[in-house]
Amino acid sequence: MSTQLNYSLVHWQCNRQVPIVLPIALALALLSLLGGALSWRAKRRGGAGFKPQRTRGTEHFVAKLGVLSALLFALVIIMQGSAALILDGCLR
């Protein structure tokens with residue numbers, strides 16, 4: 001979603017001279033970190049309701065995977081957005 005928004009908003013940003021890519025990247029990174037926080041909360045709560053003991057390991061694994069993937073996606077989104085600080089998309 002971040003990459004698609006960055007590519008589609010270049011013409012709008014160039015016409016209006018409003019830097020929009022970096023704020024959108026920060027908002028999407030926060031959204032990704034929110035998903036990671038929800039996964040962390042699910043990991044700490046141990047899932048919903050009564051579960052057999054053998055499925056708890058799977059739930060913890062999926063929750064940890066959610067946290068780590070959210071951190072990875074947030075890092076990638078921030079790195080893409082930080083390129084807007086250095087590179088100007090209007091130069092052609």
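Considering SG of C14 and CG of L9, their distance stands at 10.5 Å, rounded to 0.5 Å. Note that the NE2 atom of H60 and the CZ atom of R44 stand 11.0 Å from one another [nearest 0.5 Å]. Atom-to-atom distance recorded for L65:CG and T58:OG1 is 12.0 Å, nearest 0.5 angstrom. Put simply, CZ on R45 and CH2 on W40 are 14.0 Å apart, with the number rounded to the nearest 0.5 Å.
By the rule that hydrophobic residues join a cluster once side-chain heavy atoms approach within less than 4.5 Å of another member, I20 and I77 end up as members of one cluster. Note on I78: it does not cluster hydrophobically with I24, by side-chain heavy-atom contacts below 4.5 Å among ILVMFWY residues. If you chain together hydrophobic residues whose side chains sit under 4.5 Å apart, V18 and L85 never meet in one group.
Proximity of L28 to L5: side-chain heavy atoms (C-beta onward) are separated by under 4.5 Å at one or more points. Looking at heavy atoms from C-beta onward, L71 lies in side-chain contact with L33 at the 4.5 angstrom threshold. When side chains are defined from C-beta on, V67 does not count as touching K43, because their heavy atoms never get closer than 4.5 Å.
When every heavy atom of A70 is checked against every heavy atom of G35, the shortest pair comes out as CB-C, 4.4 Å. In plain terms, the two heavy atoms of A74 and S32 that are nearest each other are N-OG, 3.5 Å. What you find for A25 and G81 is that their closest heavy atoms are CB-CA, 3.6 Å. For the residue pair P19 and Q13, the shortest heavy atom distance occurs at CA-NE2, 3.9 Å. Residues V21 and A84 approach most closely at CG1-CB, 3.9 Å, considering heavy atoms.
Atom CD of Q4 sits in a sparse spot, with 12 or fewer heavy atoms from other residues, nucleotides or ligands closer than 6.0 Å.
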